[in-house]
Student: 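Can you read through this structure? Questions will come right after.
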Amino acid sequence: MGDMFSQPAHIVAQNLIGCRFLVDGCGGLIVETEAYEADDPASHSFRGPTTRNKSMFGRPGTAYVYRSHGLHWCLNFVCTPGSAVLLRALEPRWQVDVMRQRRGRWGDPRELCSGPGKLTSALKIGGELDGLPLDRPPFELTLERGSDVDIVNGTRVGISRGTDVAWRFGLAGSPFLSVRFPRPPTRAGD
DNA sequence: TGCGAGATCCGCT
DNA sequence: GCGGATCTCGCAT
């Protein structure tokens, strides 16, 4: 676990696509992530530690959970100090009925975990999990994945600075993404 | 000391 | 498509 997260966040973010992630047995496959580096103007760590972001400077392989817009929780996996990977979407697989109940959504399963705030709501992730290691309960992170994962990337969503780097990653063709990735440019005549 | 923006989501128009 | 809910922080006053 330590080796995995002691790499640049934009590498870890790609390696996490297709991995299984559970909280108390409830979860699914990671299909969308974003990387935030220490010297990254879009990162919460950019101006140094505060009471909110202190766990972002903690051990690699721990959780950084913060409240977004005063309402929603967002989950990050801490990499090297000041860098982390934001979990943006899961493909629901285990205890999906529990997610439905927590979300109050009984229709389209794509509505359960297709966004950072939806994901934490479905898995019941809150501030009490901030700073906890990912290799112990209630977390279960399985880093092994199939060799056939096809990863796409693009610029990050919902930010106004650091928009130049393409550090959002996703499972190609997944219907469970929060936002579609732009289709690769096609050649004239296609 | 106050104000506005922010790694968001939802319901209404 | 737009605004409201409402916590934290940076920056201006």
Side-chain angles (χ1 to χ4, degrees), chain A residues 5 8-17 21 23 28 30-58 60 62-92 98-131 134 151-171 174-182:
Chain A
F5 289 101
H10 62 273
I11 303 296
V12 178
Q14 300 177 58
N15 291 339
L16 285 169
I17 299 296
F21 178 66
V23 178
I30 299 171
V31 297
E32 185 183 341
T33 60
E34 279 180 358
Y36 290 87
E37 302 284 0
D39 60 350
D40 174 0
S43 176
H44 287 174
S45 62
F46 187 60
R47 290 175 181 82
T50 66
T51 50
R52 177 171 78 151
N53 70 14
K54 64 177 187 299
S55 59
M56 205 173 167
F57 296 86
T62 57
Y64 165 45
V65 183
Y66 75 93
R67 210 199 277 276
S68 173
H69 291 261
L71 290 172
H72 311 287
W73 295 101
C74 292
L75 171 66
N76 295 255
F77 293 168
V78 176
C79 302
T80 54
S83 74
V85 173
L86 171 70
L87 258 63
R88 287 196 57 90
L90 297 183
E91 175 180 333
V98 176
M99 297 188 204
R100 290 188 184 283
Q101 192 153 21
R102 288 170 177 163
R103 293 271 299 126
R105 300 276 155 150
W106 307 96
D108 195 334
R110 293 176 297 184
E111 286 302 307
L112 296 175
C113 295
S114 55
K118 298 179 185 178
L119 180 163
T120 54
S121 171
L123 271 58
K124 206 178 179 185
I125 294 167
E128 68 280 357
L129 300 183
D130 185 38
L134 298 166
I151 297 171
V152 291
N153 73 309
T155 54
R156 296 172 291 184
V157 187
I159 56 170
S160 58
R161 292 174 310 186
T163 53
D164 51 329
V165 290
W167 284 347
R168 184 167 75 104
F169 303 93
L171 183 62
S174 172
F176 297 97
L177 301 172
S178 68
V179 180
R180 286 219 149 68
F181 286 84

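Per chain, numbering begins at 1; letters A, B, ... match sequence-line order.
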Student: Here's a test of your reading of the structure: between A:Leu71 and A:Arg161, which maps to the more 5' nucleotide of DNA chain C?
Tutor: A:Leu71
Student: So, under a plain 3.5 Å distance rule, would you say the side chain of A:His44 forms a donor-acceptor pair with the base of B:dA7?
Tutor: yes
Student: Using whole Å, report how far CZ of A:Arg52 lies from P of B:dG6.
Tutor: 12 Å
Student: Any donor-acceptor pair under 3.5 Å linking the side-chain atoms of A:Ser45 with those of A:Asn53?
Tutor: no
Student: So which nucleotide from C:dC9, B:dT8, B:dA7 ends up closest to the side chain of A:Leu86?
Tutor: B:dA7
Student: Out of B:dC9, C:dT8, B:dA7, which nucleotide sits closest to the side chain of A:Met56?
Tutor: B:dA7
Student: A:Asn53 near the nucleic acid: base, sugar-phosphate alone, or nothing, with a heavy-atom cut-off under 4.0 Å?
Tutor: nothing
Student: Please measure how far the P atom in B:dT1 lies from the corresponding atom in C:dT6, and state the result in whole Å.
Tutor: 25 Å
Student: Quick check: does any side chain N or O of A:Gln14 sit under 3.5 Å from a backbone N or O of A:His10, one acting as donor and the other as acceptor?
Tutor: yes
Student: Would you mind classifying the nucleic acid contact of A:Arg105 as base, sugar-phosphate or nothing, using non-hydrogen atoms under 4.0 angstrom?
Tutor: sugar-phosphate
Student: Once you round it to whole Å, what is the distance between C1' of C:dT8 and CG of A:Asp130?
Tutor: 14 Å
Student: In this structure, how many angstroms lie between the P atom of B:dA7 and the CG atom of A:Leu75, rounded?
Tutor: 17 Å
Student: Does A:Gly117 reach a base, just sugar-phosphate, or nothing at all? Heavy atoms under 4.0 Å.
Tutor: sugar-phosphate
Student: In whole angstrom, what separates A:Arg156's CZ from B:dG6's P?
Tutor: 14 Å
Student: Looking for any heavy atom pair under 4.0 Å, which part of the strands does A:Ser160 touch: base, sugar-phosphate only, or nothing?
Tutor: sugar-phosphate
Student: Starting at atom CZ of A:Phe169, determine the distance to atom P of B:dA7, rounded to an integer number of angstrom.
Tutor: 18 Å
Student: Would you indicate what A:Ile159 reaches in the nucleic acid, counting non-hydrogen atoms under 4.0 angstrom: base, sugar-phosphate, or nothing?
Tutor: sugar-phosphate
Student: Could you tell me the Watson-Crick or G-U partner of C:dA5, where both distances fall under 3.5 Å? Say none if there is no partner.
Tutor: B:dT8
Student: Rounded to whole Å, please give me the gap between NE2 in A:His69 and C1' in B:dT8.
Tutor: 5 Å
Student: Is there a donor-acceptor pair under 3.5 Å between the side chain of A:Glu32 and the backbone N or O of A:Ser178?
Tutor: yes
Student: Given atom CG of A:Leu112 and atom C1' of B:dT8, what is their separation to the nearest angstrom?
Tutor: 17 Å
Student: C:dC9, OP1 or OP2 - any side-chain N/O from A:Thr51 closer than 4.0 Å?
Tutor: yes
Student: Using a cut-off of 4.0 Å on non-hydrogen atoms, how would the nucleic acid contact of A:Arg47 be classed: base, sugar-phosphate, or nothing?
Tutor: sugar-phosphate
Student: Could you tell me whether the phosphate oxygens of B:dG6, OP1 or OP2, come under 4.0 Å of any side-chain nitrogen or oxygen in A:Ser68?
Tutor: no
Student: So what does A:Arg103 hit on the nucleic acid, given a heavy-atom distance under 4.0 Å: a base, only sugar-phosphate, or nothing?
Tutor: sugar-phosphate
Student: Please answer whether the main-chain N or O of A:Arg110 pairs with a side-chain N or O of A:Ser114 as donor and acceptor at a distance below 3.5 Å.
Tutor: yes
Student: Sticking with atom C1', work out how far B:dA5 lies from C:dG3, rounded to a whole angstrom.
Tutor: 15 Å
Student: Can you tell whether the side chains of A:Arg156 and A:Asp40 come within less than 4.0 Å, N to carboxylate O?
Tutor: yes
Student: Within less than 4.0 Å of OP1 or OP2 of B:dT8, is there a side-chain N or O belonging to A:Arg88?
Tutor: yes
Student: Counting distance only, does the side-chain N/O of A:Glu34 pair as donor-acceptor with the main-chain N or O of A:Phe169 below 3.5 Å?
Tutor: no
Student: For A:Thr80, is there any backbone N or O sitting under 3.5 Å from a side-chain donor or acceptor partner on A:Ser83?
Tutor: yes
Student: Identify which nucleotide among C:dC11, B:dA7, C:dC7 has an atom closest to any side-chain atom of A:Tyr36, counting heavy atoms from C-beta outward.
Tutor: B:dA7
Student: Report yes or no: is the ring centroid of A:His72 under 5.5 Å from the six-membered base ring centroid of B:dT8, with the two planes under 30 degrees?
Tutor: no
Student: Between C:dG4 and B:dG4, how many Å separate the two P atoms, rounded to a whole number?
Tutor: 14 Å
Student: Rounding to a whole Å, what distance do you find between A:Trp73:CH2 and B:dC9:P?
Tutor: 15 Å
